[in-house]
There are 2 protein chains.
Amino acid sequence: MTNINLYTKKLRESGLRPTKQRLKICEVLFSSEKTFHFTINDLTKIIEEKLSEKISLATVYNTIHAFKKKGYLKEISINSDKSYFDTNITDHQHFFDEDKSQLIDCGDDEIDSVNVKRNITGKKIKSIEVLIRVASDNQNQN
Amino acid sequence: MTNINLYTKKLRESGLRPTKQRLKICEVLFSSEKTFHFTINDLTKIIEEKLSEKISLATVYNTIHAFKKKGYLKEISINSDKSYFDTNITDHQHFFDEDKSQLIDCGDDEIDSVNVKRNITGKKIKSIEVLIRVASDNQNQN
DNA sequence: AAATACTTTAAAACTATTCTAAACTATTGA
DNA sequence: TCAATAGTTTAGAATAGTTTTAAAGTATTT
(Lines give C-alpha, C1' and ligand atoms only; values in the text may rest on other atoms or scores of the structure.)
Protein backbone atom coordinates (compact mmCIF):
# COMPACT_ATOMS: atom_id res chain seq x y z
CA MET A 1 0.00 0.00 0.00
CA THR A 2 2.59 2.58 0.97
CA ASN A 3 5.79 3.67 -0.62
CA ILE A 4 7.82 2.62 2.35
CA ASN A 5 9.73 -0.03 0.46
CA LEU A 6 10.48 2.47 -2.23
CA TYR A 7 11.81 4.99 0.23
CA THR A 8 13.76 2.34 2.09
CA LYS A 9 15.45 1.40 -1.14
CA LYS A 10 16.07 5.00 -2.08
CA LEU A 11 17.64 5.76 1.27
CA ARG A 12 19.79 2.62 1.34
CA GLU A 13 21.01 3.30 -2.14
CA SER A 14 22.22 6.71 -1.12
CA GLY A 15 23.94 5.44 1.97
CA LEU A 16 21.36 6.69 4.42
CA ARG A 17 19.88 4.27 6.90
CA PRO A 18 16.13 3.98 6.51
CA THR A 19 15.10 5.04 9.98
CA LYS A 20 11.53 5.54 11.09
CA GLN A 21 12.03 9.31 11.08
CA ARG A 22 13.51 9.50 7.61
CA LEU A 23 10.80 7.29 6.17
CA LYS A 24 8.11 9.49 7.69
CA ILE A 25 9.73 12.59 6.26
CA CYS A 26 9.96 10.88 2.88
CA GLU A 27 6.25 10.20 3.00
CA VAL A 28 5.46 13.81 3.78
CA LEU A 29 7.77 15.12 1.09
CA PHE A 30 7.52 12.65 -1.74
CA SER A 31 4.20 10.82 -1.61
CA SER A 32 2.20 13.52 -3.39
CA GLU A 33 2.52 13.87 -7.15
CA LYS A 34 2.57 17.61 -6.78
CA THR A 35 5.84 19.15 -5.76
CA PHE A 36 5.79 21.92 -3.20
CA HIS A 37 7.81 24.51 -1.33
CA PHE A 38 8.33 24.55 2.39
CA THR A 39 10.31 25.99 5.23
CA ILE A 40 11.56 23.86 8.11
CA ASN A 41 8.82 25.42 10.17
CA ASP A 42 6.16 24.41 7.63
CA LEU A 43 7.53 20.90 7.58
CA THR A 44 7.56 20.44 11.34
CA LYS A 45 3.96 21.62 11.43
CA ILE A 46 2.93 19.14 8.74
CA ILE A 47 4.73 16.38 10.60
CA GLU A 48 3.07 17.28 13.88
CA GLU A 49 -0.35 17.17 12.26
CA LYS A 50 0.13 13.95 10.32
CA LEU A 51 2.14 11.98 12.81
CA SER A 52 1.37 10.09 15.94
CA GLU A 53 4.91 10.48 17.18
CA LYS A 54 7.21 13.46 17.36
CA ILE A 55 10.36 13.97 15.35
CA SER A 56 12.95 16.13 17.00
CA LEU A 57 13.68 19.44 15.34
CA ALA A 58 17.36 18.54 15.07
CA THR A 59 16.42 15.42 13.16
CA VAL A 60 14.27 17.41 10.77
CA TYR A 61 17.22 19.68 10.07
CA ASN A 62 19.60 16.74 9.73
CA THR A 63 17.31 14.92 7.36
CA ILE A 64 16.53 17.91 5.18
CA HIS A 65 20.22 18.65 4.85
CA ALA A 66 20.98 15.04 4.06
CA PHE A 67 18.24 14.99 1.42
CA LYS A 68 19.47 18.22 -0.08
CA LYS A 69 23.01 16.87 -0.22
CA LYS A 70 21.74 13.77 -2.01
CA GLY A 71 19.81 15.91 -4.47
CA TYR A 72 16.32 14.99 -3.33
CA LEU A 73 15.55 18.59 -2.46
CA LYS A 74 16.60 22.02 -3.63
CA GLU A 75 17.17 25.03 -1.47
CA ILE A 76 15.92 28.35 -2.80
CA SER A 77 17.62 31.70 -2.30
CA ILE A 78 15.50 34.39 -0.85
CA ASN A 79 16.94 37.08 1.24
CA SER A 80 15.14 36.18 4.29
CA ASP A 81 15.32 35.00 7.81
CA LYS A 82 14.48 31.46 6.82
CA SER A 83 15.36 28.88 4.21
CA TYR A 84 12.94 27.59 1.63
CA PHE A 85 13.10 24.12 0.12
CA ASP A 86 11.54 22.68 -3.00
CA THR A 87 10.62 19.08 -3.72
CA ASN A 88 10.78 19.95 -7.40
CA ILE A 89 14.39 19.21 -8.23
CA THR A 90 14.15 19.91 -11.95
CA ASP A 91 15.82 23.01 -13.32
CA HIS A 92 13.35 25.82 -12.89
CA GLN A 93 12.90 29.32 -11.57
CA HIS A 94 10.62 31.08 -9.10
CA PHE A 95 8.33 33.92 -8.45
CA PHE A 96 8.26 35.13 -4.88
CA ASP A 97 5.03 36.71 -3.74
CA GLU A 98 6.19 39.27 -1.22
CA ASP A 99 2.70 39.82 0.15
CA LYS A 100 2.31 36.21 1.19
CA SER A 101 6.00 35.24 1.45
CA GLN A 102 5.19 32.43 -0.91
CA LEU A 103 7.09 30.80 -3.73
CA ILE A 104 5.52 30.01 -7.08
CA ASP A 105 7.18 27.80 -9.67
CA CYS A 106 8.03 29.39 -12.96
CA GLY A 107 7.85 26.84 -15.77
CA ASP A 108 10.49 26.58 -18.45
CA ASP A 109 7.97 27.81 -20.97
CA GLU A 110 7.29 30.89 -18.87
CA ILE A 111 10.80 32.29 -18.90
CA ASP A 112 13.55 32.39 -21.51
CA SER A 113 16.65 30.54 -20.49
CA VAL A 114 19.32 32.81 -19.10
CA ASN A 115 22.33 33.31 -21.30
CA VAL A 116 25.54 34.20 -19.48
CA LYS A 117 28.29 35.47 -21.74
CA ARG A 118 30.98 35.83 -19.15
CA ASN A 119 33.26 33.28 -17.67
CA ILE A 120 34.90 33.51 -14.26
CA THR A 121 38.43 32.17 -14.63
CA GLY A 122 38.96 28.81 -12.98
CA LYS A 123 35.30 28.62 -11.99
CA LYS A 124 32.45 26.55 -13.23
CA ILE A 125 28.80 27.59 -13.17
CA LYS A 126 27.03 25.50 -10.54
CA SER A 127 23.57 26.99 -10.98
CA ILE A 128 21.69 29.93 -12.39
CA GLU A 129 18.93 31.07 -10.11
CA VAL A 130 16.29 33.57 -11.10
CA LEU A 131 13.95 35.06 -8.55
CA ILE A 132 11.11 37.25 -9.75
CA ARG A 133 9.77 39.23 -6.84
CA VAL A 134 6.14 40.22 -7.19
CA ALA A 135 3.76 42.16 -4.98
CA SER A 136 0.32 43.63 -5.30
CA ASP A 137 0.12 46.83 -7.33
CA ASN A 138 -1.08 49.06 -4.55
CA GLN A 139 2.02 48.74 -2.43
CA ASN A 140 3.40 51.68 -0.54
CA GLN A 141 7.13 51.26 -0.65
CA ASN A 142 8.34 53.94 1.64
CA MET B 1 38.19 68.52 0.88
CA THR B 2 35.68 65.92 1.92
CA ASN B 3 32.27 65.03 0.64
CA ILE B 4 30.67 65.80 3.95
CA ASN B 5 28.62 68.68 2.60
CA LEU B 6 27.44 66.48 -0.21
CA TYR B 7 26.37 63.72 2.16
CA THR B 8 24.77 66.20 4.52
CA LYS B 9 22.68 67.51 1.64
CA LYS B 10 21.83 64.03 0.44
CA LEU B 11 20.70 62.95 3.90
CA ARG B 12 18.69 66.10 4.55
CA GLU B 13 16.97 65.82 1.21
CA SER B 14 15.83 62.33 2.06
CA GLY B 15 14.57 63.31 5.46
CA LEU B 16 17.42 61.77 7.40
CA ARG B 17 19.31 63.89 9.88
CA PRO B 18 22.96 64.15 9.01
CA THR B 19 24.43 62.72 12.17
CA LYS B 20 28.10 62.05 12.76
CA GLN B 21 27.47 58.32 12.46
CA ARG B 22 25.53 58.52 9.21
CA LEU B 23 28.09 60.81 7.64
CA LYS B 24 30.88 58.43 8.57
CA ILE B 25 28.99 55.52 7.08
CA CYS B 26 28.37 57.57 3.93
CA GLU B 27 32.09 58.17 3.63
CA VAL B 28 32.85 54.48 3.94
CA LEU B 29 30.17 53.50 1.46
CA PHE B 30 30.11 56.26 -1.12
CA SER B 31 33.47 58.01 -1.24
CA SER B 32 35.14 55.49 -3.54
CA GLU B 33 34.32 55.54 -7.25
CA LYS B 34 34.20 51.80 -7.25
CA THR B 35 31.05 50.20 -5.95
CA PHE B 36 31.36 47.19 -3.71
CA HIS B 37 29.56 44.44 -1.86
CA PHE B 38 29.52 44.01 1.89
CA THR B 39 27.89 42.33 4.82
CA ILE B 40 27.07 44.17 8.03
CA ASN B 41 30.01 42.36 9.55
CA ASP B 42 32.35 43.58 6.79
CA LEU B 43 31.10 47.09 7.27
CA THR B 44 31.57 47.17 11.01
CA LYS B 45 35.12 45.91 10.50
CA ILE B 46 35.86 48.65 7.97
CA ILE B 47 34.41 51.23 10.31
CA GLU B 48 36.45 49.97 13.22
CA GLU B 49 39.64 50.18 11.19
CA LYS B 50 39.01 53.59 9.67
CA LEU B 51 37.41 55.34 12.60
CA SER B 52 38.63 56.90 15.76
CA GLU B 53 35.29 56.42 17.42
CA LYS B 54 32.94 53.47 17.58
CA ILE B 55 29.54 53.22 15.95
CA SER B 56 27.12 50.94 17.72
CA LEU B 57 26.06 47.83 15.85
CA ALA B 58 22.42 48.83 16.19
CA THR B 59 23.20 52.12 14.48
CA VAL B 60 24.95 50.34 11.65
CA TYR B 61 21.87 48.21 11.13
CA ASN B 62 19.56 51.20 11.41
CA THR B 63 21.57 53.21 8.94
CA ILE B 64 21.95 50.45 6.40
CA HIS B 65 18.23 49.80 6.49
CA ALA B 66 17.46 53.49 6.17
CA PHE B 67 19.84 53.76 3.21
CA LYS B 68 18.32 50.71 1.58
CA LYS B 69 14.83 52.13 2.02
CA LYS B 70 15.95 55.37 0.41
CA GLY B 71 17.46 53.47 -2.48
CA TYR B 72 21.12 54.19 -1.73
CA LEU B 73 21.87 50.52 -1.34
CA LYS B 74 20.60 47.24 -2.69
CA GLU B 75 20.26 44.02 -0.77
CA ILE B 76 21.25 40.84 -2.58
CA SER B 77 19.60 37.45 -2.18
CA ILE B 78 21.90 34.63 -1.29
CA ASN B 79 20.70 31.73 0.69
CA SER B 80 22.79 32.34 3.61
CA ASP B 81 23.03 33.20 7.21
CA LYS B 82 23.84 36.79 6.41
CA SER B 83 22.69 39.61 4.18
CA TYR B 84 24.80 41.12 1.44
CA PHE B 85 24.52 44.72 0.33
CA ASP B 86 25.67 46.47 -2.81
CA THR B 87 26.58 50.11 -3.28
CA ASN B 88 25.91 49.63 -6.98
CA ILE B 89 22.23 50.48 -7.23
CA THR B 90 21.94 50.13 -10.99
CA ASP B 91 20.03 47.20 -12.41
CA HIS B 92 22.46 44.34 -12.62
CA GLN B 93 23.03 40.73 -11.72
CA HIS B 94 25.63 38.73 -9.79
CA PHE B 95 27.97 35.84 -9.74
CA PHE B 96 28.50 34.28 -6.35
CA ASP B 97 31.84 32.62 -5.83
CA GLU B 98 31.02 29.82 -3.45
CA ASP B 99 34.66 29.16 -2.64
CA LYS B 100 35.22 32.65 -1.29
CA SER B 101 31.59 33.55 -0.42
CA GLN B 102 32.11 36.57 -2.59
CA LEU B 103 29.86 38.47 -4.95
CA ILE B 104 30.97 39.59 -8.40
CA ASP B 105 28.99 42.05 -10.50
CA CYS B 106 27.66 40.80 -13.78
CA GLY B 107 27.49 43.63 -16.31
CA ASP B 108 24.50 44.17 -18.56
CA ASP B 109 26.64 43.19 -21.52
CA GLU B 110 27.55 39.91 -19.85
CA ILE B 111 24.06 38.52 -19.55
CA ASP B 112 20.96 38.68 -21.72
CA SER B 113 18.05 40.38 -20.07
CA VAL B 114 15.58 37.98 -18.57
CA ASN B 115 12.29 37.68 -20.36
CA VAL B 116 9.38 36.57 -18.20
CA LYS B 117 6.33 35.50 -20.17
CA ARG B 118 4.01 34.87 -17.29
CA ASN B 119 1.98 37.23 -15.26
CA ILE B 120 0.84 36.64 -11.70
CA THR B 121 -2.70 38.00 -11.46
CA GLY B 122 -2.98 41.16 -9.41
CA LYS B 123 0.77 41.28 -8.92
CA LYS B 124 3.45 43.49 -10.32
CA ILE B 125 7.05 42.48 -10.87
CA LYS B 126 9.18 44.30 -8.32
CA SER B 127 12.53 42.90 -9.38
CA ILE B 128 14.19 40.13 -11.32
CA GLU B 129 17.24 38.79 -9.59
CA VAL B 130 19.70 36.43 -11.20
CA LEU B 131 22.37 34.71 -9.17
CA ILE B 132 24.98 32.65 -10.96
CA ARG B 133 26.70 30.40 -8.49
CA VAL B 134 30.23 29.45 -9.43
CA ALA B 135 32.88 27.33 -7.79
CA SER B 136 36.26 25.94 -8.73
CA ASP B 137 36.14 22.95 -11.06
CA ASN B 138 37.71 20.49 -8.68
CA GLN B 139 34.99 20.60 -6.10
CA ASN B 140 33.87 17.54 -4.30
CA GLN B 141 30.20 17.94 -3.79
CA ASN B 142 29.34 15.02 -1.64
C1' DA C 1 24.38 -11.84 19.52
C1' DA C 2 28.11 -8.73 19.98
C1' DA C 3 30.56 -5.11 17.95
C1' DT C 4 30.40 -1.20 15.11
C1' DA C 5 28.83 2.72 13.01
C1' DC C 6 25.27 5.65 12.27
C1' DT C 7 21.16 8.22 14.05
C1' DT C 8 18.13 10.57 17.15
C1' DT C 9 17.32 13.58 20.81
C1' DA C 10 16.81 17.50 24.17
C1' DA C 11 19.09 21.00 25.47
C1' DA C 12 22.67 24.22 25.09
C1' DA C 13 25.08 27.19 22.06
C1' DC C 14 25.50 30.17 18.35
C1' DT C 15 24.68 33.86 14.84
C1' DA C 16 22.49 37.41 12.65
C1' DT C 17 19.28 40.62 13.49
C1' DT C 18 15.72 43.36 15.94
C1' DC C 19 13.91 45.54 19.98
C1' DT C 20 13.94 48.44 24.14
C1' DA C 21 14.17 52.33 26.68
C1' DA C 22 17.14 55.67 28.34
C1' DA C 23 20.49 59.18 27.08
C1' DC C 24 21.65 62.20 23.49
C1' DT C 25 21.51 65.49 19.48
C1' DA C 26 19.67 68.01 15.58
C1' DT C 27 16.02 70.93 14.30
C1' DT C 28 12.26 74.11 14.98
C1' DG C 29 10.21 78.14 16.28
C1' DA C 30 9.27 81.52 19.86
C1' DT D 1 19.32 82.17 21.54
C1' DC D 2 17.16 78.73 24.07
C1' DA D 3 13.66 75.68 25.17
C1' DA D 4 10.63 72.34 23.21
C1' DT D 5 10.29 68.63 19.91
C1' DA D 6 11.22 64.98 17.32
C1' DG D 7 14.51 62.05 15.60
C1' DT D 8 18.84 59.26 16.70
C1' DT D 9 22.22 56.53 19.11
C1' DT D 10 23.41 53.20 22.30
C1' DA D 11 24.27 48.96 25.18
C1' DG D 12 22.27 45.32 26.28
C1' DA D 13 18.39 42.22 26.20
C1' DA D 14 15.56 39.55 23.28
C1' DT D 15 14.39 36.81 19.37
C1' DA D 16 14.50 33.47 15.56
C1' DG D 17 16.53 30.21 12.86
C1' DT D 18 19.94 26.98 12.83
C1' DT D 19 23.88 24.10 14.50
C1' DT D 20 26.33 21.66 18.01
C1' DT D 21 26.87 18.47 21.82
C1' DA D 22 27.07 14.31 23.98
C1' DA D 23 24.46 10.69 25.62
C1' DA D 24 21.06 7.19 24.53
C1' DG D 25 19.14 4.53 20.90
C1' DT D 26 18.96 1.76 16.49
C1' DA D 27 20.42 -0.37 12.15
C1' DT D 28 23.95 -3.01 10.11
C1' DT D 29 27.85 -6.00 10.00
C1' DT D 30 30.47 -9.83 11.62
Side-chain angles (χ1 to χ4, degrees), chain A residues 4-5 7-26 28 37-48 51-70 72-73 75-85 101 142, chain B residues 4-5 7-26 28 37-48 51-70 72-73 75-85 101 142:
Chain A
I4 284 188
N5 297 329
Y7 299 141
T8 301
K9 197 168 164 245
K10 181 173 176 166
L11 289 168
R12 277 228 186 77
E13 277 169 0
S14 41
L16 298 170
R17 288 186 182 172
T19 63
K20 227 174 13 189
Q21 292 86 345
R22 285 176 178 160
L23 288 169
K24 275 293 170 192
I25 292 175
C26 277
V28 170
H37 306 108
F38 64 92
T39 62
I40 295 287
N41 190 47
D42 296 338
L43 182 57
T44 47
K45 265 185 204 145
I46 298 171
I47 290 168
E48 267 169 31
L51 251 63
S52 36
E53 59 205 306
K54 240 166 225 122
I55 297 180
S56 150
L57 186 59
T59 301
V60 177
Y61 273 99
N62 286 343
T63 304
I64 293 310
H65 285 151
F67 285 6
K68 185 196 166 189
K69 207 169 185 178
K70 294 300 177 186
Y72 303 151
L73 290 173
E75 195 168 1
I76 295 156
S77 296
I78 294 164
N79 227 6
S80 170
D81 39 355
K82 50 186 146 242
S83 271
Y84 286 74
F85 293 90
S101 288
N142 196 294
Chain B
I4 284 187
N5 297 328
Y7 299 141
T8 301
K9 196 167 164 248
K10 181 173 177 167
L11 288 169
R12 278 228 185 78
E13 277 169 358
S14 41
L16 298 170
R17 288 186 181 172
T19 63
K20 228 173 14 189
Q21 293 85 345
R22 285 177 178 160
L23 289 169
K24 274 294 169 191
I25 292 175
C26 277
V28 170
H37 306 109
F38 64 92
T39 63
I40 295 287
N41 190 46
D42 295 339
L43 182 56
T44 46
K45 265 185 203 145
I46 298 171
I47 291 168
E48 267 169 29
L51 251 61
S52 35
E53 58 205 307
K54 242 168 224 120
I55 297 181
S56 149
L57 186 58
T59 301
V60 176
Y61 273 98
N62 286 343
T63 304
I64 292 312
H65 285 151
F67 285 7
K68 186 197 165 188
K69 207 168 184 180
K70 295 299 177 185
Y72 304 152
L73 290 172
E75 195 167 1
I76 295 156
S77 296
I78 294 163
N79 225 7
S80 170
D81 38 357
K82 49 183 148 249
S83 271
Y84 285 74
F85 293 89
S101 288
N142 196 295

In whole angstroms, the gap separating P of D/dT9 from CG of B/Leu23 amounts to 10 Å
Rounded to whole Å, CG of B/Leu51 lies from P of D/dT9 at a distance of 13 Å
note: B/Lys54, atom NZ; D/dT8, atom C1'; distance rounded to Å ~ 20 Å
Closest heavy-atom pair, B/Cys26 versus B/Phe67, reported as atoms and distance to 0.1 Å, is SG-CZ, 3.7 Å
On a heavy-atom basis, the closest approach of A/Lys70 and A/Leu16 is CG-CD1, 4.1 Å
When rounded to whole Å, the CG to P distance for the pair A/Leu16 and D/dA27 reads 15 Å
Are OP1 or OP2 of D/dT9 and a side-chain N or O of B/Arg22 less than 4.0 angstrom apart? yes
B/Leu11 atom CG is separated from C/dT27 atom P, nearest whole Å, by 10 Å
Numerically ordered, the residues 37-47 of chain A set in heavy-atom contact under 4.0 Å with DNA chain C is none
When rounded to the nearest 0.5 Å, the distance separating CD1 of A/Ile64 from OG1 of A/Thr59 is 11.0 Å
- Is any side-chain nitrogen or oxygen of B/Ser56 closer than 4.0 Å to OP1 or OP2 of D/dA11? yes
OG1 (A/Thr8) and CD (A/Glu13) are apart, to the nearest 0.5 Å, by 11.0 Å
Separation of C/dA13 atom C1' from A/Tyr61 atom OH, nearest Å, is 14 Å
Nearest heavy-atom approach of B/Thr44 to B/Asn41 is OG1-O, 2.8 Å
Does a nitrogen or oxygen in the side chain of A/His65 sit under 4.0 Å from OP1 or OP2 of D/dT18? no
Separation of D/dT18 atom C1' from A/Ile64 atom CD1, nearest Å, is 14 Å
- Return no unless some side-chain N or O of B/Ser83 is found under 4.0 Å from OP1 or OP2 of C/dT17. yes
Provide a list of protein-nucleic acid N or O atom pairs under 3.5 angstrom, restricted to nucleotides 24-26 of chain C.
| from | atom 1 | to | atom 2 | distance (Å) |
| --- | --- | --- | --- | --- |
| C/dA26 | N3 | B/Arg17 | NH1 | 3.3 |

4.5 Å side-chain heavy-atom contact, B/Leu57 and B/Ile40: yes
| message | For a quick check of understanding: with a heavy-atom distance under 4.0 Å over all strands, which category does B/Leu57 fall into, base, sugar-phosphate or nothing? | response | base
Out of D/dT20, D/dT9, D/dG12, minimum distance to the side chain of B/Asn62 belongs to D/dT9
Query raised in the report: Charged N to carboxylate O below 4.0 Å: is that the case for A/Glu53 and A/Lys24?
Result: no
Kindly list each side-chain donor-acceptor pair under 3.5 angstrom involving residues 76-83 of chain A, sequence neighbours excluded, with atom names and distances?
| from | atom 1 | to | atom 2 | distance (Å) |
| --- | --- | --- | --- | --- |
| A/Ser77 | OG | A/Glu129 | OE1 | 2.9 |
| A/Ser77 | OG | B/Asn79 | N | 3.4 |
| A/Ser77 | OG | B/Arg133 | NH2 | 2.6 |
| A/Asn79 | ND2 | B/Glu75 | OE2 | 3.1 |
| A/Asn79 | ND2 | B/Ile76 | O | 3.1 |
| A/Ser80 | OG | A/Lys82 | N | 3.2 |
| A/Ser83 | OG | A/Glu75 | OE2 | 2.6 |

(message) Counting only side-chain nitrogens and oxygens, does A/Gln21 get under 4.0 Å of the OP1 or OP2 atom of D/dT26?
(response) no
Student check: side-chain heavy atoms of A/Phe85 and A/Leu43 closer than 4.5 Å: no
From the candidates D/dA11, C/dA10, C/dT8, the one with an atom nearest any side-chain atom of A/Thr63 is C/dT8
Here the distance between atom P of D/dT8 and atom CD1 of B/Ile55, to the nearest Å, is 15 Å
Return yes if some donor-acceptor pair links the side-chain N/O of B/Arg22 with the main-chain N/O of B/Arg17 below 3.5 Å, else return no.
-> yes
